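Residue numbers start from 1 in every chain, and the chains themselves are labelled A, B, ... in the order their sequence lines are given, proteins ahead of strands. Because the structure is predicted, anything quoted here is derived from the model rather than measured.
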There are 2 protein chains.
Amino acid sequence: MSSAASGDSTRDKILRAGEKLFAADGFDRVTLRQIAREADQRNVAAVQYHFGSKAGLLSAIVDDHRIEIDDRRAELLEKAEKDGVNGDFATLLSILVDPLAAKLDSPAGRAYLRIQAQGLTNSEMRPATRSLIGRIGRHLDELEPTARTASHRGRFALLLLFHALADRAGQESSGRARRADRAAFVAELSASLRGLMSA
Amino acid sequence: MSSAASGDSTRDKILRAGEKLFAADGFDRVTLRQIAREADQRNVAAVQYHFGSKAGLLSAIVDDHRIEIDDRRAELLEKAEKDGVNGDFATLLSILVDPLAAKLDSPAGRAYLRIQAQGLTNSEMRPATRSLIGRIGRHLDELEPTARTASHRGRFALLLLFHALADRAGQESSGRARRADRAAFVAELSASLRGLMSA
DNA sequence: GATAGTTTGATACGCGTGTTTTAATCGAGC
DNA sequence: GCTCGATTAAAACACGCGTATCAAACTATC
């Protein structure tokens, strides 16, 4: 309930510390003591108190962002359906891509992208982001059934989407990529996805 | 020196056990005791003896496969250069894709693909597979410089290549995908990469 | 068949982990 | 100003980790 307001309560500090460290080092390598230190907390049990467990902290981090992304997507999708643009491939693609790509704007968002990609690779957190993607997928199916249905393209597109954004997030957070190039990056990614789906 | 001959020496059993467990659970989650058990070894220090450390075991696993893949690629590339086909995009792409995709054939190869994808996400083992890819990349640059150079497409292609294969490897190893579909999968992947690069 | 070298087995060590527990501190509300 | 719930601190816990050590078993060479 409080998560959206990014105050500096201890809970929020732990959340941001976890984000940062999980993204940079990987969930398994990060210690609760590291997190406490990063959050200016002398208490090694702070994570247990506020989130129950290390896994609980991960869920809190991921859910926060995922919910915001899905809300934004639902909003855009409803608008598109109302405008009767649900036959427009580019529109549907941007509904899929843009709210995720917007996560590149903040350090917290970039951390989320990297964490989500870790989860994809290690085959967990599968329910994440699923519902909305399914709904958009159905629209895409109506559009060009042969290009998507029963083929692997949809899955490829999802893999590329997440991993490319995570890769970019890592580069920006480590200074290996400049923020100014971001628009070009997103445009390239969208074009690549378009090309991938309709080759 | 001995790795190619997949005998059932203790060393090889440990190597295969590590492959299997690293791929399924992730490098960090796997303990040396699990590996020893999986290798029918009562000795918990067997990994230290044969590979020095847990990291040494990982290197041994990855290097074995990577060397074989790069050798195969070099072979195909030389043949293509001799035939003067180095202007053929499809040929170059298949040199990049086929030796990797061939890894889907064996359980050990599938494990390698998943492990390599983990490494990509967690940003290590970067030197891996680099040399050959660079050489092929130069050929691609000569072909259509605008489509690759200074754009993000090359990186996208690499990400998709590795993660799609790792994803497929995971599905096959867990029975969620049938081996019969593999040819179609590889064809789809190649087509997707082609579409991605030239959209 | 004794011997040197290599491999395997078994045990122990030191340490860091996530978590639990208990005590101290804080902050409203009356 | 006191009280009580919520939060932070501090210490301890049980456990599993990677590693080191040393003895036993095996293997080949002469």
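With sequence neighbours excluded, no residue forms a side chain to side chain donor-acceptor pair (under 3.5 Å) with B:Gln34. For B:Asp71, there are no salt bridge (charged side-chain N to carboxylate O under 4.0 Å, His left out) partners two or more places apart in sequence or in a different chain. Every residue two or more places apart in sequence or in another chain was checked for a salt bridge (charged side-chain N to carboxylate O under 4.0 Å, His left out) with A:Arg179, and none qualifies. Evaluation of the side chain to side chain donor-acceptor pair (under 3.5 Å) rule for A:Arg182 yields A:Asp105, A:Glu172 as partners, not counting sequence neighbours. With sequence neighbours excluded, no residue satisfies salt bridge (charged side-chain N to carboxylate O under 4.0 Å, His left out) with A:Asp25. In this view, B:Lys103 and B:Glu68 satisfy the salt bridge (charged side-chain N to carboxylate O under 4.0 Å, His left out) rule, not counting sequence neighbours.
The span of DNA chain C lying next to chain B, judged by atoms under 4.0 Å from heavy atoms, is bounded 5' to 3' by C:dT6 to C:dA12.
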* Footprint string (nucleotides 5-18 of chain D, 5' to 3'): B base within contact, S backbone only, - free, heavy atoms under 4.0 Å -> -SBBBBBB----BB
Tabulate below the donor-acceptor pairs under 3.5 Å that side-chain atoms of residues 36-46 of chain B make, not counting sequence neighbours, or state none.
from, atom 1, to, atom 2, distance (Å)
B:Glu38, OE2, B:Lys20, NZ, 2.9
B:Asn43, OD1, B:Ala45, N, 2.9

Please tabulate, for the side chains in residues 93-100 of chain A, all donor-acceptor contacts under 3.5 angstrom to protein atoms that are two or more places apart in sequence or on a different chain.
from, atom 1, to, atom 2, distance (Å)
A:Ser94, OG, A:Thr91, O, 2.9

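Residue pairs meeting the ring-ring contact (aromatic ring centres under 6.0 Å, His included) criterion with at least one partner in residues 28-74 of chain A, sequence neighbours excluded, are A:His65-A:Tyr112.
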* To do: Apply the test side chain to side chain donor-acceptor pair (under 3.5 Å) to residues A:Ser174 and A:Arg176: give CA-CA distance (whole Å), side-chain angles for both, the deciding distance (0.1 Å), then the verdict.
  => CA-CA 6 Å; A:Ser174 70; A:Arg176 295 193 325 277; 2.6 Å; yes
Where do N or O atoms of nucleotides 26-28 of chain D meet protein N or O atoms at under 3.5 Å, pair by pair?
none

